[in-house]
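Worth knowing before you read on, the calculation uses all heavy atoms, side chains too, and leaves out hydrogens, waters and symmetry mates. First the proteins, then the strands, lettered A, B, ... as listed; each starts at 1.
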Amino acid sequence: MVKRGLSDNESEREQEWRNRDKDEESSNSSDENEEDYSDSNDYPGNQNKVIKDRFQASDSEEDDDYDVEFEKHVQEARQEMQQSAKKLKQLTPEQLAKEQKKIKRSGVVYLSTIPPYMKPAKLRHVLQRFGKVGRLYLKPEDPKVYKTRVKTGGNKKKKFVEGWCEFENKKDAKLAAETLNGNKLGGKKGNFYYDDIMNIKYLKGFKWHDLTEAMNREIEIRESKMQSELSQAHKINKNFIKNVETSKMIENIKKRKKNAEPTVQRVYAQRSVTTNRAGADEWQKDTKNAESGKLKKVLENIF
Amino acid sequence: MSDFASLGLPRWLVESLQAMKITKPTNIQAACIPEILKGRDCIGGAKTGSGKTIAFGAPMLAKWSQDPSGIFGVVLTPTRELAMQIADQFAALGATVNLKVRLIIGGESMTDQVAMIKENPHFIIATPGRLAHIIMENEDECRGLKRVKYLVLDEADRLLTDSFTDHLQTCFESLPNPNKRQTLLFTATVTDSVRALKDRPVAPGKQPVFLHELDNVDTVKIPSTLRLLYVLAPVVVKESMLHNILINDDYKESTAIVFVNRSETAEILRRLLRHLEVTTTSLHSEMPQSERTNSLHRFRAGAARVLVATDLASRGLDIPSVELVINFDIPRDPDDYVHRVGRTARAGRKGDAISMVTPNDLSRILAIEDRVGVKMEELPLSDNKVIKQSLKAVSKAKIEARMDMEREGFGERRKRRKEREGKTKRRK
């Protein structure tokens, strides 16, 4: 799986975010929507989580094409992950020290509520006032809740229930938490989010990788289990193929020899047959549940 | 007799039947409708797909239109899906006369249903379990049931088994005496209990019970348009073979029902086939009712090509488009086989039934062949194709399906329910 934290890949990612931030500033509102998805996905282990969430949703949704498409999506994601795992390069000691320092310096804040309908891009914008913002993950609301809301004529916009945000410097994180927590978002009077109160807490001694670790471990365990089961299935399949070949061979031999040797016969334990049919033979009858007194009483009451 | 009007049905009913494209009565309809109109009790036997629902629905409606009063009739069926189907048919028949039909089935809001009974609908279509439950808890609201004129037991052979007796007993207690109502039984296979009913002495002051083809029903076993096939399948590659049959040239586009013996197998197969891009839904008792209804709707509408189901779907369901029935597991009771394959080849259409036979199923297959009186033919299925097209993909999909199910906690609902039941029993 992807090793996170001390890799080139990581810094690549960071670079990406920075670029994205720049993009964001320049982007207009029309492509903000896309931004919001990618932003909430950039929580690395999250890809799987979102997938899981969607999967549950898709179970209740009755859309097969969607499912098929989604399967493809999962496979692509897997391939991507494998590829990125291959690309990992060894870091030089200096680079390693630098990375570690960077991680040590960073701080994470937790948002127990997100102002209704606020998108990740907007939140990032709010938090950026306090310093450089790294990764940001917002948990989308339960798809069932969303569905019922839309069905009953509610707002169609996406809502998020909680979130985490990483600052490059702890100080900024602490400052952000202290300033925003329990206060109105403010700004211009006409702002959509003007009256929304922020709930934000600095998580002491908490790093971003603490968030992803448990999930990654789970994925790893699942993957390894999958591997072992696959290899077992492979063995069974191989055996079957071999048997098919042998049977063909035997058939051919039989064809060539007119008076074949007596064939080997195996006896299998047979599954039982039971029925309540009136015309059936006695041995098939289900004697265990033979007409109890209750059934008789019911029968008496019918006509 | 060649049309419904001559059977004694009123004009509006004949017209609404015509609107449903039903113009010619089948044997059972021609025989039973006049007798029921005369007021006789009736036991009707006919093979699958021969129009039993209309045979009891039409005369009941005819009588009702002459003298509508209170709750006129109660129809009991073993499964919720069947109840829905019957309710739909009643609603279609009575669309022109403002007929009130209500469903009383498990898995839906009970308070709503109590209110439904209270408002005295014309007909109630129910499953015994929920009806009994409501009667036990709200005796006062259910007084309307005491004046019911007709009681119908559809799929009577299944209803008259131990699994339903307690509930049936409760229902009967709040229904009127047998003398004061007409009782109609319909079934495709005859069991000991049904036969025992036939031999009961007639109660004084009542006309003798009318029997239709009860003794011959065993000889007319399955529709002649149905082709019975088998395929020998080792246990380990059963799934691959199933997949191969479904993507095979012959059945690439046909609508199919796959029958299994356990809910878990049904769930695994549904996920597995979905992984392999076969549009699939399932129907089994581990699903919540809303999903059950939904997936059956999807299958009916053709949004899914394959329905994986347990014996829940084996009786009564009328889905005309089904061309293929696959018995992934062989049923224990040969009669169940008759019901299962009866989902296809309905009303004179063609259909195939494939049984997947493992070495352990031989005696079951022999019993089935003995029962239906037809020898099955072998379905040509090349091992090479199975190996090439299906084996690897299927085994992978199966593992994925099983792991997904494990993660989502499949079967926990049943476990919890069992625990709960265990507790109440201990308390007693």
Side-chain angles (χ1 to χ4, degrees), chain A residues 52 55-56 59-60 62-65 67-68 71-72 74 218 222 225-226 228-230 232-234 236-241 243-245 247-248 266-281 284-286 288-303, chain B residues 41 153 157 160-162 165-166 168-169 172 178 183 185 189-197 200 202-203 206 209 218 234 236-237 274-275 277 279 281 291 294-295 298 303-304 330 332-335 359-364 367 371 383-384 387 391-392 395-396 398-400 403-404 407-408:
Chain A
K52 199 174 119 197
F55 191 70
Q56 280 159 357
D59 239 15
S60 57
E62 303 300 329
D63 198 343
D64 255 292
D65 296 336
D67 254 19
V68 171
E71 285 313 312
K72 276 184 195 157
V74 169
E218 200 179 278
R222 212 166 49 225
K225 200 175 159 197
M226 178 106 183
S228 72
E229 290 211 20
L230 266 180
Q232 202 177 347
H234 184 65
I236 293 173
N237 288 350
K238 240 181 166 175
N239 198 22
F240 171 70
I241 295 170
N243 282 349
V244 168
E245 278 164 7
S247 89
K248 264 183 200 157
R266 257 180 80 183
V267 179
Y268 287 90
Q270 291 296 309
R271 296 202 174 105
S272 63
V273 180
T274 41
T275 179
N276 283 319
R277 190 165 63 91
D281 298 332
Q284 287 182 342
K285 286 283 167 67
D286 191 359
K288 224 187 279 172
N289 294 329
E291 250 180 75
S292 55
K294 276 180 194 165
L295 185 53
K296 247 182 203 156
K297 213 173 161 193
V298 169
L299 291 180
E300 273 167 25
N301 272 330
I302 287 189
F303 289 128
Chain B
D41 285 350
L153 303 183
D157 52 339
L160 298 175
T161 55
D162 281 334
T165 40
D166 286 347
L168 279 181
Q169 189 56 39
F172 286 165
T183 313
L185 267 67
T189 49
V190 178
T191 59
D192 280 337
S193 349
V194 178
R195 175 155 298 180
L197 276 180
R200 295 192 66 78
V202 183
K206 256 202 130 179
V209 176
D218 270 359
V236 285
V237 291
R274 270 198 181 183
H275 272 293
E277 311 200 352
T279 48
T281 56
E291 263 177 55
N294 231 331
S295 62
R298 288 191 59 208
I330 306 301
R332 189 152 163 241
D333 187 342
D335 276 357
N360 308 68
D361 290 325
L362 280 184
S363 66
R364 284 186 177 182
R371 165 77 177 78
D383 286 330
N384 282 341
I387 291 168
L391 200 55
K392 207 173 164 193
S395 52
K396 193 175 173 214
K398 191 183 170 191
I399 293 167
E400 272 174 12
M403 282 173 72
D404 285 348
R407 202 179 53 215
E408 282 161 34

*Asks:* Side chain, backbone, both or neither: which part of D383(B) has an atom under 4.5 Å from a heavy atom of chain A?
*Replies:*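 When you check distances to chain A, only side chain atoms of D383(B) fall under 4.5 Å.
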*Asks:* Kindly indicate whether the side chain of K248(A), heavy atoms from C-beta on, has any atom under 4.5 Å from the side chain of N384(B).
*Replies:*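 Yes, close enough: below the 4.5 Å cut-off.
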*Asks:* Output the distance between atom CD (E229(A)) and atom NZ (K396(B)), rounded to the nearest 0.5 Å.
*Replies:* 13.0 Å
*Asks:* When heavy-atom pairs shorter than 4.5 Å are enumerated against chain A, which of V236(B), L362(B), I399(B), D157(B) gives the highest number?
*Replies:* I399(B)
*Asks:* Do F240(A) and L391(B) come within less than 4.5 Å of each other through their side chains, counting heavy atoms only?
*Replies:* yes
*Asks:* Is chain A contacted by the side chain of P359(B), its backbone, both, or neither, given a heavy-atom distance below 4.5 Å?
*Replies:*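 Both parts, heavy atoms under 4.5 Å.
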*Asks:* State, with a plain yes or no, whether a side-chain heavy atom of R332(B) is found less than 4.5 Å away from one of S272(A).
*Replies:* yes
*Asks:* If every non-hydrogen atom of N360(B) is compared with every non-hydrogen atom of Q270(A), which pair is closest and at what distance?
*Replies:*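 Nearest heavy atoms, N360(B) then Q270(A): O-OE1, 3.0 Å.
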*Asks:* Closest approach of R271(A) and S363(B), non-hydrogen atoms and distance?
*Replies:* O-OG, 3.2 Å
*Asks:* N237(A), I241(A), V244(A): which one forms the most heavy-atom pairs within less than 4.5 Å of chain B?
*Replies:*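 Among the listed options, the one with the most contacts to chain B is N237(A).
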